[in-house]
Amino acid sequence: MLRRRTKPLVAAKPNGPLWIAEELFRDDRALLVDDDAVAPLSGDNHLSTALVDYLLQRSLQPTDLQDTTLVGSANSLHFFHQVNAKIATAPSDPNVAKSVENIRQRCSHYKDNKFEFLSPFCIDHHFVAVKIVFDLRSPDIFHEVSVYDSLIKGGRRNNSVHRNSPPAKYLRSFQQFIANFCLFGNPKCEVLLANPDHIVEKAVYRSCPMQQNGFDCGLFAFGCVLHLLKGLDVSADIFNQQHISKLRESLHAVFTVTDIGSDVPNPRELLSSLFLSSFFPLQSEKDCHDDVFLRLLQDLPNNDNDIDAAPDVPDKGPPIELDVVPLHPRLGADPQPEPTRHRDNYFTTQFIEVPKEFEDMSKVDLAIDDYEESSGVRLVIARSRGAGSRLYFCASHTGCCFRAKFGRERGTLPIIYKQELSNPFHCGEPVPPKTNGRAPKKRVRDKLEESVDHVIEVKDSTPVPKDVMKAAANIQSVRASYNQAYRAIGRAVENGPREKQQASFGLIMSYLKHFQLRNEDSTVKAESDADQRLRRLGICPGIMRRSLQHVRPVLSLDGAHLLSKWKGTLYIASVQTACSNIYPVSFAIMKDGEDAEGWKWFLELLVEAIPLLKMQHPDNRCRFCYFTVISDRQKGLIQALQQVFPDNHHCFCSVHIARNVEKEVGKKVAKHVHALSATFSKRESDELMAKINAISARGKKYLEGISANQWRSTAWVDDPTLPPRFGIVTTNMSESVNSMVGDARDGSWLECTNDIVRKMMNRICSLREENYGREGVVDKVAEILENRWKNCSNFQVREVVKGGSQFDVFRPSRGASLPETNRLLYVREQTCECGKWQEHGVPCIDAVAYYRLFETQTLQYIMDNHVSEHYKYETVNELLKENIVPVSLDILDQDGVTLPPNCTKRSSGRPRKKRIRKRSRFAHDPDKSPIVCSRCKKRGHNVKTCVAREQLEKQHPAELDLS
């Protein structure tokens with residue numbers, strides 16, 4: 001594991017200007033290393049940034065560098081992060097703001113010349129060398145951005161640096177430093193900050209020597225920077241692993257010498273540039289002069305880890321040749337390195353150092369794709385056993401020993417990397433490139449199923465490969481060939497959702513049987529035609545027989561269309577709890593659309609399952625049954641209700657009436673319909689009808705044609721025999737239930753049934769948790785009563801007949817909108833001329849005034865004794881005591897008889913979902929596109945879709961001209 005330093009490299013700042021990334025060679029003080037930095041030289045260990053910085057400073061003298069050459073520390077990324085972070089805190093901290101201003105003054109001279117920045121930086125436990133040539137005076141700031149990575153072979157056809165790779169993170173930090181401190185106040189600063197990847201887009205991997213063991217990346221990066229500083233070109237064969245290994249051994253021998261005399265200087269203090277350069281062939285060709293360190297090295301005894309003796313060093317003359325370092329091929333030598341294994345650092349960092357757990361193999365594939373993109377190594381699946389085990393081999397080297405095993409531990413669910421069955425090392429020669437530079441195929445076998453499913457959902461006809469190719473490009477950004485899409489369709493047809501859904505109809509009878517066994521008193525029905533094709537099914541859980549005693553007795557009915565291949569209609573019934581929460585009661589699925597026959601079948605199921613629906617009303621004044629039914633005025637439903645529920649009052653939804661009015665006479669009339677339905681005041685009702693008549697006489701006639709006792713609240717004031725609706729004048733609860741089960745409507749009938757049952761069960765569980773431990777009146781009603789208690793303090797209550805139950809309540813004026821008025825209150829019957837008391841079961845403001853001013857009762861007493869049980873938490877808790885027991889689909893048996901319904905007619909109109917848009921053939925390779933942007937001169941887009949244009953338009957909208 002790399003040891004990173006968090007302190008600066010030197011104790012004192014340079015006297016001159018602040019050099020980028022704590023530059024090494026312009027500093028006043030020499031760096032020193034301690035035993036902790038030297039210890040990694042022994043064994044297979046990564047080097048520390050301190051040791052790499054020390055070697056860099058010893059390899060050159062400040063006089064060897066040009067004024068325009070900058071050398072960054074191996075820990076420069078930490079420096080960039082520190083100073084960039086000051087920008088965010090500077091506005092709130094004066095000390096930080098002063099430090100930022102000081103850094104900007106010291107960096108101001110970088111705008112006056114062209115500079116070359118070199119650094120062997122460390123990121124994500126790996127050393128990489130970088131060379132950046134920049135000129136802040138030029139319109140194109142970065143002239144060259146070269147990355148030398150000893151694990152990535154440069155010079156490839158696609159050698160660009162990926163935006164998510166570790167070098168890209170370093171380059172972005174460097175660009176942010178340049179923008180914040182060197183270009184502050186310059187328009188170029190905003191350009192760099194707006195596009196953090198500007199420098200990454202120019203970065204390329206250059207060819208450099210490749211390491212073979214996985215832990216010498218620090219010395220390889222040091223070697224690349226050393227050659228660049230001396231003006232030498234870096235190539236793949238400029239030095240090799242053997243040179244670096246001998247350098248490592250010699251450094252360890254020098255640093256671990258302990259038996260030296262008092263008159264012999266410490267070798268660490270005399271480590272020379274000549275000694276370090278002698279391990280690199282091209283640099284060892286240069287003339288050498290008398291070197292104190294090499295003379296001293298001859299006299300030093302070896303330590304316990306013996307290495308070859310240091311070579312004899314002539315006083316002057318021929319180049320030094322260390323026999324422990326093989327010569328470069330250009331010098332006449334012919335070294336034959338033995339095949340070696342090298343650790344895959346990218347793989348180690350991603351999968352071994354931080355163990356990960358994956359839900360399934362698709363997540364493993366995504367992680368492998370990220371690894372391949374960042375490392376350049378291609379892995380292939382060698383063996384796959386089901387959905388829980390997979391073995392990967394390396395396809396980038398011939399005869400490579402790399403193995404990566406993923407699977408589950410016994411008795412566990414997550415998929416993990418099995419280190420004991422894997423080998424994270426590579427060996428062998430690189431695989432030769434494909435013909436004409438063609439890249440290997442990408443794995444898409446397990447990535448096209450989502451695209452095939454999307455095409456199947458959108459298109460009613462059989463999917464074709466072209467559709468799958470377009471869907472894969474749009475949805476998953478996967479470029480699939482025609483044959484790959486064709487094979488994916490074949491697998492989908494064999495094991496796809498349509499075939500599974502078709503087979504699921506044979507499981508429905510088994511599902512209904514298990515549901516009835518697990519839920520006592522449940523009512524389930526299913527009907528098939530003569531060909532055993534399922535026509536309809538219905539379910540009403542047994543708990544509804546008892547639970548519906550504790551809800552507001554208003555049953556909302558509605559239907560919705562199913563969206564699967566077999567279509568169908570979903571019939572559903574729902575009610576409201578005491579807390580005004582929706583509570584689904586029962587549902588049915590039928591082949592045909594909403595009609596009288598279907599509704600009659602569903603209503604008969606409800607009557608059989610819940611006898612309470614036809615129970616007489618406990619209030620003897622009501623001439624209808626206990627439950628009121630509200631609907632959207634669907635014609636078939638109206639006919640079915642007259643046959644099955646003749647003694648139950650039937651109400652109409654005011655929203656659906658308003659929509660019908662809008663179709664007939666327009667929105668101006670429709671906006672008054674809901675208020676007309678909700679008001680109990682005849683005076684207000686007459687005013688609304690007058691407004692409607694003034695707008696459209698035909699609209700008034702249409703509304704008067706609808707029976708008032710089925711939708712207008714004034715009818716409840718005139719006719720006390722009508723059962724209360726508890727303020728429910730719309731079918732919003734049904735619309736909410738349709739939305740709740742919306743996802744279930746996309747699946748087959750079995751999937752839809754199972755999803756709705758589970759949603760009903762989860763609904764009860766969530767409501768139970770929400771209301772657990774609560775008592776008394778529900779919060780919403782308690783708040784209403786508190787407001788009424790406050791507002792009735794100045795009311796006047798007079799007893800009409802002495803000892804009677806009639807009282808006159810006078811309301812004084814409260815502004816122009818609320819003039820003075822009076823209401824007659826019947827306390828024994830709990831009714832009021834305002835209509836709200838008998839409608840909701842909660843004392844209206846006149847009743848609260850009576851109890852407060854005449855009976856002198858407290859608000860708490862009113863809540864405890866005069867509020868209907870339909871608004872108390874105790875009622876909710878009784879309702880939610882029982883729950884539905886779901887059925888697992890894994891225990892179902894095929895009956896071998898039931899078939900899906902016939903559905904051969906295609907729906908009219910365009911497909912119900914978003915169409916598959918055509919993908920340009922240049923979408924994956926915009927550089928080959930014939931379209932050239934007239935603003936940025938890049939291919940693949942035009943001026944209307946140019947990002948640079950959008951940024952310019954935001955900054956200078958007046959200067960933009962598209963003519």
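These values consider heavy atoms only, across backbone and side chains, with no hydrogens, waters or symmetry-generated copies.
In plain terms, the two heavy atoms of A573 and L557 that are nearest each other are CB-CD2, 3.6 Å. What you find for N519 and N883 is that their closest heavy atoms are OD1-O, 4.4 Å. Minimum heavy-atom separation, K836 to C844: CB-CB, 4.2 Å. In plain terms, the two heavy atoms of C540 and A609 that are nearest each other are SG-CB, 3.5 Å. Here the closest non-hydrogen pair linking I539 and Y511 is CD1-CE2, 4.2 Å. Of all heavy-atom pairs spanning S713 and T679, the tightest one is CB-O, 3.2 Å.
Classified by interplanar angle (parallel below 30°, tilted 30° to 60°, perpendicular above 60°), the ring pair H870/Y626 is tilted. Using the six-membered ring where Trp is involved, Y851 and W837 have ring planes that are perpendicular, over 60° apart on the 30 and 60° scheme. Using cut-offs of 30° and 60° for the angle between ring planes, the Y571 and W599 rings count as perpendicular.
No salt bridge links E829 with R621; every basic N to acidic carboxylate O contact stays at or beyond 4.0 Å. Look at E869 and K872 and you find a salt bridge, because one of the NZ, NE, NH1 or NH2 atoms lies within 4.0 Å of a carboxylate O, short of that distance. Here R546 pairs with D521 in a salt bridge; the nearest charged N to carboxylate O distance falls below 4.0 Å. Between E527 and R536 there is a salt bridge, since a side-chain N of the basic residue sits under 4.0 Å from a carboxylate O of the acidic one.
Outside the 6.0 Å centre-distance limit, the rings of F680 and W716 are not counted as a close aromatic pair. Checked against a 6.0 Å centroid threshold, the rings of F726 and H840 do not count as neighbours.
Formation of a donor-acceptor pair under 3.5 Å by the Q838 side chain with backbone atoms of C832 is found in this model. A side-chain donor-acceptor contact under 3.5 Å links Y873 to the backbone of D779. Looking only at distances, a side-chain donor or acceptor of S677 sits under 3.5 Å from a matching main-chain atom of W711. The closest donor-acceptor contact from the side chain of R623 to the backbone of T721 lies at 3.5 Å or more, if one exists at all. Judged by distance alone, with hydrogens and angles left aside, the side-chain atoms of T569 form a donor-acceptor pair with the main-chain N or O of D592 at under 3.5 Å. Formation of a donor-acceptor pair under 3.5 Å by the T731 side chain with backbone atoms of S734 is not found in this model. Judged purely by atom type and a 3.5 angstrom limit, R788 uses its side chain to pair as donor or acceptor with the backbone of P843. Here the side chain of S522 pairs a donor or acceptor atom with the backbone of G542 at under 3.5 angstrom. The main-chain N or O of L676 is never found under 3.5 Å from a side-chain atom of R712 such that the two would form a donor-acceptor pair.
Side-chain contact check for S888 versus H514: every heavy-atom pair is 4.5 Å or farther apart. Residues P541 and F515 are in side-chain contact: their nearest non-hydrogen atoms beyond the backbone lie under 4.5 Å apart. No side-chain heavy atom of L507 sits under 4.5 Å from any side-chain heavy atom of L889. V876 has its side chain out of reach of L767: every pair of non-hydrogen atoms, C-beta onward, lies at least 4.5 Å apart. Proximity of D718 to K682: side-chain heavy atoms (C-beta onward) are separated by under 4.5 Å at one or more points. When side chains are defined from C-beta on, F602 does not count as touching L637, because their heavy atoms never get closer than 4.5 Å. Between V842 and V777 there is no side-chain heavy-atom pair separated by less than 4.5 Å. For the pair S504 and E751, the minimum side-chain heavy-atom distance is 4.5 Å or more.
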Begin with the C-alpha distance, continue with both residues' side-chain angles, and end with the deciding distance and a verdict on side-chain contact (heavy atoms from CB on, under 4.5 Å) for M761 and R758.
CA-CA 5 Å; M761 178 202 69; R758 293 196 60 83; 4.0 Å; yes
Begin from the C-alpha positions of K567 and H561 and carry the test side-chain contact (heavy atoms from CB on, under 4.5 Å) through to its verdict.
CA-CA 7 Å; K567 303 292 187 278; H561 296 292; over 6 Å; no
Could you walk me through whether F652 and I638 satisfy the side-chain contact (heavy atoms from CB on, under 4.5 Å) test, starting with their C-alpha distance in whole Å, then the side-chain angles of each, then the deciding distance to 0.1 Å, before giving a yes or no?
CA-CA 10 Å; F652 296 148; I638 294 175; 4.2 Å; yes
Mind running side-chain contact (heavy atoms from CB on, under 4.5 Å) on D846 and R811 for me, showing each step along the way?
CA-CA 8 Å; D846 303 301; R811 303 182 187 179; 2.5 Å; yes
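Around the CD atom of Q549, the shell of radius 6.0 Å holds more than 12 heavy atoms that belong to other residues, nucleotides or ligands. Shown here is K759, whose NZ atom has more than 12 heavy atoms of other residues, nucleotides or ligands within 6.0 Å. The environment of E783 atom CD is sparse: at most 12 non-hydrogen atoms of other residues, nucleotides or ligands sit within 6.0 angstrom.
Once rounded to the nearest 0.5 Å, the distance linking CD1 of I610 with OG of S586 reads 6.5 Å. Taken to the nearest 0.5 Å, the CG atom of N732 stands 10.5 Å off from the CD1 atom of I582. The CD1 atom of I728 lies 8.0 Å from the OG atom of S556; values are rounded to the nearest 0.5 Å. Atom NZ of K701 and atom CG of L703 lie 12.5 Å apart (nearest 0.5 Å). Atoms NZ and CG, on K525 and L537 in that order, are 12.5 Å from each other to the nearest 0.5 Å. One distance of note links CZ of R852 with CD of Q857; it measures 12.5 Å at 0.5 Å rounding.
Side chain to side chain, N709 and D719 fail the donor-acceptor criterion of an N or O pair below 3.5 Å. For the 3.5 Å distance criterion, the side chains of T714 and S685 fail to qualify, holding no donor opposite an acceptor.
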May I have the list of side-chain donor-acceptor pairs in residues 796-809 shorter than 3.5 Å, sequence neighbours left out?
{"unit_1": "E799", "atom_1": "OE2", "unit_2": "G803", "atom_2": "N", "d": "2.7"}
{"unit_1": "S805", "atom_1": "OG", "unit_2": "R828", "atom_2": "NH1", "d": "3.2"}
{"unit_1": "D808", "atom_1": "OD1", "unit_2": "N822", "atom_2": "ND2", "d": "2.9"}

Would you give me the side-chain donor-acceptor pairs under 3.5 Å for residues 658-675, sequence neighbours excluded?
{"unit_1": "N660", "atom_1": "ND2", "unit_2": "H656", "atom_2": "O", "d": "3.3"}
{"unit_1": "E664", "atom_1": "OE1", "unit_2": "R698", "atom_2": "NH1", "d": "3.2"}
{"unit_1": "H674", "atom_1": "ND1", "unit_2": "S654", "atom_2": "OG", "d": "3.0"}

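Applying the side-chain contact (heavy atoms from CB on, under 4.5 Å) criterion to C625, with sequence neighbours excluded, gives Q616, D647, N648.
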